[in-house]
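Below is one structure, written out as structure tokens; comments come after it.
Labels below follow one simple rule: chain letters A, B, ... track the order of the sequence lines, proteins then strands, and each chain is numbered from 1. The structure presented is a predicted model; accordingly, all values stated were derived computationally and were not measured.
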Number of protein chains: 2
Amino acid sequence: MSQHRQPGAPGRAGAVPALPDLPEATVARLPEYLRALHNLADAGHETVSSEGLSAAAGVNSAKLRKDLSHLGSYGTRGVGYDVALLIEQIEYVLGLTQRRAVALVGVGNLGHALAGYDGFASRGFRIAALLDADPSRVGEEINGLVVRHVDELPAVATEESIAIGVIATPAAAAQRVADQLVSVGVTSILNFAPCVLSVPEGVDVRKVDLAIELQILSFHEHRKASLTALPATGGSALTALPGGLAATDTQEAIGT
Amino acid sequence: MSQHRQPGAPGRAGAVPALPDLPEATVARLPEYLRALHNLADAGHETVSSEGLSAAAGVNSAKLRKDLSHLGSYGTRGVGYDVALLIEQIEYVLGLTQRRAVALVGVGNLGHALAGYDGFASRGFRIAALLDADPSRVGEEINGLVVRHVDELPAVATEESIAIGVIATPAAAAQRVADQLVSVGVTSILNFAPCVLSVPEGVDVRKVDLAIELQILSFHEHRKASLTALPATGGSALTALPGGLAATDTQEAIGT
DNA sequence: AGGCGCTTGTGAAGACGTGCACAAATCGCG
DNA sequence: CGCGATTTGTGCACGTCTTCACAAGCGCCT
Ligand SMILES: NC(=O)c1ccc[n+]([C@@H]2O[C@H](COP(=O)([O-])OP(=O)(O)OC[C@H]3O[C@@H](n4cnc5c(N)ncnc54)[C@H](O)[C@@H]3O)[C@@H](O)[C@H]2O)c1
Ligand SMILES: NC(=O)c1ccc[n+]([C@@H]2O[C@H](COP(=O)([O-])OP(=O)(O)OC[C@H]3O[C@@H](n4cnc5c(N)ncnc54)[C@H](O)[C@@H]3O)[C@@H](O)[C@H]2O)c1
């Protein structure tokens, strides 16, 4: 566990507002702002207006200001936000001042891609362990890390102070892996398997399901198609029934 | 309401409820229901109650009923929903009755994993083309598909009727690829590159950014840690400031 | 045939998120 | 030193989403 935590600002003895409970929607956007800010910093900008930053992050500027105001951030009226300071603040709030150790369970197709991804390191994370249940995968070295057997999870968790577990196993194994992660004290899980996980209260699970994303896009495709197919009907397009007519290209063939 | 005329039933002469404009939140959950329903169908269930289905999908049962009511679905009071019928209806609404063709651009680390993933096929999609800009990758065969050069995109789009483009290139190339996709008529894009894309109106973009997911988890870790670290202070833990100038919390007061 | 238990569908209320519009604050300049 | 240009921070109104609670409907059992 962590012993000494410095509640103040990371670098200077600034007065960092110390963890207000932010709206979830805000929390979800902070990483976007952070990425945009890093880009701006790399481009040499020292300050940025809410207008400029919101454009870079692809959001409404009022929303951005409100988000930042939630974490007590100080911009300067008439000037904007200090890029470096804002990066520090957001990184502090997101808990990125310490590099968190990630354990990746399931080093298959997807797991390999994740293990080889260098984008985590630059965003505050360190892949500290690769685990798999398949004996033939154990021992394999990827990116300087050796794949260990999933049964070693308790040892690994102690050695590396794992903060986050990533599940990239088949769905059938995901719940079991989640249970194992929880039992060794992991309280944050990112799940790539297409299934719901049940975990005790206090454990956070986020899921990424590509098929769901595609299906949502599919819905909008379907919708766009059905709208353009019925231009003349005006507002009634939404309620028009595809009863045989208009079954051209947009329609999913009623036939067998 | 509409008559009992064989609702859904894409196989028959169906008068399907035809695309009401669903709330986005509902659209995002329908794929979850669909997955749960397929599991139930495989397990031999013919009907399911809102309680049962909502548990399987990990949501509140009232929310599920409201979602289903939006798409005009008919359950049977006292009994529940017909599993097969509900699958048909949801698949119709999501536009999954036709298998949509997906073009994957960027066959690198992540792209390989996606190309080799069989989970798309079973959820309504067909990876119809693999494209890359690197000449040394062109010609490589993955899962029966040959990688083609990204400049062939116009030809590919015509041949395969691409409905959805997936971007798995580095961030620096993503906007350019998006422009190319749009120019060949693709109106739905799934973006894995960590950057914002600007696209014309009418084009839908969804993004998946793993680092963002991890950072959100990190925030909650940070928060949990800071709460357990200050057990005695109770509610004031949230507003405790290290510096003493507690001016900015909720209270606006006049300076001094 | 009628009652009873179960489940859906939905009205209403509240929580949450969004965006406008503007006062307050700050800087640069004359 | 004061003024105008600029930009933040936020009150307010509006829209969306969630959740409760319950009447209406359905099938089964007696
Ligand atoms: N590959 C993709 O692009 C992709 C996309 C979306 C979702 N997914 C999902 O991600 C997960 C992994 O996909 P994949 O293509 O890498 O599958 P995969 O079969 O290639 O890899 C799964 C790995 O998990 C390991 N494993 C199985 N049971 C385990 C256990 N109990 N403990 C530890 N490891 C275990 C296997 O040995 C294997 O190495 C699946 O749930 C899949 O649906 C994958
Ligand atoms: N690998 C992961 O696990 C992972 C995780 C999260 C996000 N990402 C993101 O996904 C993207 C791809 O990651 P990766 O690890 O596969 O990178 P990669 O470098 O391994 O692969 C990128 C591929 O894109 C190709 N490419 C470059 N420019 C192109 C263009 N203009 N048109 C077509 N193809 C082009 C390259 O030739 C290469 O094959 C990156 O933006 C990365 O940040 C990857």
Side-chain angles (χ1 to χ4, degrees), chain A residues 15 17 20-30 32-33 36-37 40 45-83 85-86 89-90 93 216, chain B residues 1-4 7-8 17 20-30 32-33 37 40 45-83 85-86 89-90 216 245 247-256:
Chain A
D21 51 350
L22 309 171
E24 266 303 305
T26 295
V27 174
R29 282 187 295 265
L30 288 180
E32 302 268 18
Y33 304 154
L37 283 165
L40 288 167
H45 292 73
E46 298 210 336
T47 64
V48 64
S49 69
S50 65
E51 206 66 48
L53 181 53
S54 68
V59 304
N60 178 301
S61 71
K63 185 153 51 177
L64 177 133
R65 287 198 297 277
K66 188 153 291 186
D67 284 341
L68 294 186
S69 77
H70 278 128
L71 48 88
S73 156
Y74 299 168
T76 307
R77 298 179 185 214
V79 176
Y81 299 90
D82 181 290
V83 172
L85 178 62
L86 201 48
Q89 291 220 357
I90 294 179
V93 169
I216 294 173
Chain B
M1 292 295 184
S2 47
Q3 276 63 16
H4 248 318
D21 49 354
L22 308 171
E24 265 303 305
T26 295
V27 174
R29 282 188 295 266
L30 288 180
E32 303 268 18
Y33 304 155
L37 283 165
L40 288 167
H45 291 73
E46 299 211 336
T47 65
V48 64
S49 69
S50 65
E51 206 66 49
L53 181 53
S54 68
V59 303
N60 179 301
S61 70
K63 184 153 55 179
L64 178 132
R65 286 198 298 277
K66 187 149 289 185
D67 284 341
L68 295 186
S69 78
H70 278 128
L71 48 87
S73 157
Y74 298 169
T76 308
R77 298 177 185 216
V79 177
Y81 299 90
D82 182 289
V83 171
L85 178 62
L86 202 47
Q89 291 219 357
I90 294 180
I216 294 173
L245 65 131
T248 52
D249 57 356
T250 69
Q251 185 44 278
E252 227 18 53
I254 304 90
T256 338

Mind listing the closest non-hydrogen atom pair of B:E32 and B:A28 along with its distance?
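Here B:E32 and B:A28 meet closest at CG-O, 4.2 Å.
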Atom-pair distance ([atom1] on [X]; [atom2] on [N]), nearest Å:
X	N	atom1	atom2	result
B:L22	D:dC17	CG	C1'	14 Å
A:L68	D:dG9	CG	C1'	11 Å
A:Y74	C:dT26	OH	C1'	16 Å
A:D67	D:dT10	CG	P	13 Å
A:H70	C:dT18	NE2	P	10 Å
A:L85	D:dT8	CG	P	14 Å
A:L64	D:dT10	CG	C1'	14 Å

For DNA chain D, determine which residues of residues 51-61 of chain B have any heavy atom closer than 4.0 angstrom to one of its atoms, and list them numerically.
B:N60
Mind checking the [atom1]-[atom2] spacing from [X] to [Y]? Nearest 0.5 Å is all I need.
X	Y	atom1	atom2	answer
B:R29	B:L68	CZ	CG	10.0 Å
A:L86	A:T47	CG	OG1	11.0 Å
B:L85	B:Y81	CG	OH	11.5 Å
B:I90	B:Y33	CD1	OH	8.5 Å

Report yes if at least one side-chain N or O of [X] is closer than 4.0 Å to OP1 or OP2 of [N]; otherwise report no.
X	N	value
A:S49	D:dT7	no
A:T76	C:dT26	no
A:Y81	D:dG9	yes

Taking it one step at a time, do A:L22 and A:L30 satisfy side-chain contact (heavy atoms from CB on, under 4.5 Å)?
CA-CA 10 Å; A:L22 309 171; A:L30 288 180; 3.8 Å; yes
Considering only nitrogen or oxygen atoms on both sides, find all protein atoms under 3.5 Å from nucleotides 21-24 of chain D and state each distance.
unit_1	atom_1	unit_2	atom_2	d
D:dA21	N6	B:R65	NH2	3.4
D:dA24	N3	B:R77	NH1	2.7

At 10 degrees resolution, what angle do the end axes of the helix from C:dA1-D:dT30 to C:dG30-D:dC1 form when each is taken over five base pairs?
10°
Listed once per pair and sorted, the salt bridge (Lys or Arg N to Asp or Glu O under 4.0 Å) pairs that draw on residues 68-82 of chain B, sequence neighbours left out:
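Pairs touching residues 68-82 of chain B that pass the test: none.
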So among A:L71, A:T26, A:V27, which one has a side-chain contact (heavy atoms from CB on, under 4.5 Å) with A:V93?
A:L71
Please tabulate, one pair per line, all N/O donor-acceptor pairs under 3.5 Å involving side-chain atoms of residues 48-58 of chain B, not counting sequence neighbours.
unit_1	atom_1	unit_2	atom_2	d
B:S49	OG	B:E51	N	3.4
B:S49	OG	B:G52	N	3.0
B:S50	OG	B:R65	NH1	3.0
B:S54	OG	B:S50	O	2.9
B:S54	OG	B:E51	O	2.9

Looking at B:E46, I'd like to know if its CD atom is crowded, meaning that more than 12 non-hydrogen atoms belonging to other residues, nucleotides or ligands lie closer than 6.0 Å.
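Count not over threshold, so no.
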Return the polar atom pairs (N/O with N/O) between nucleotides 11-17 of chain C and the protein under 3.5 Å, or none.
unit_1	atom_1	unit_2	atom_2	d
C:dG11	O6	B:K66	NZ	3.1
C:dA12	N6	B:K66	NZ	3.0

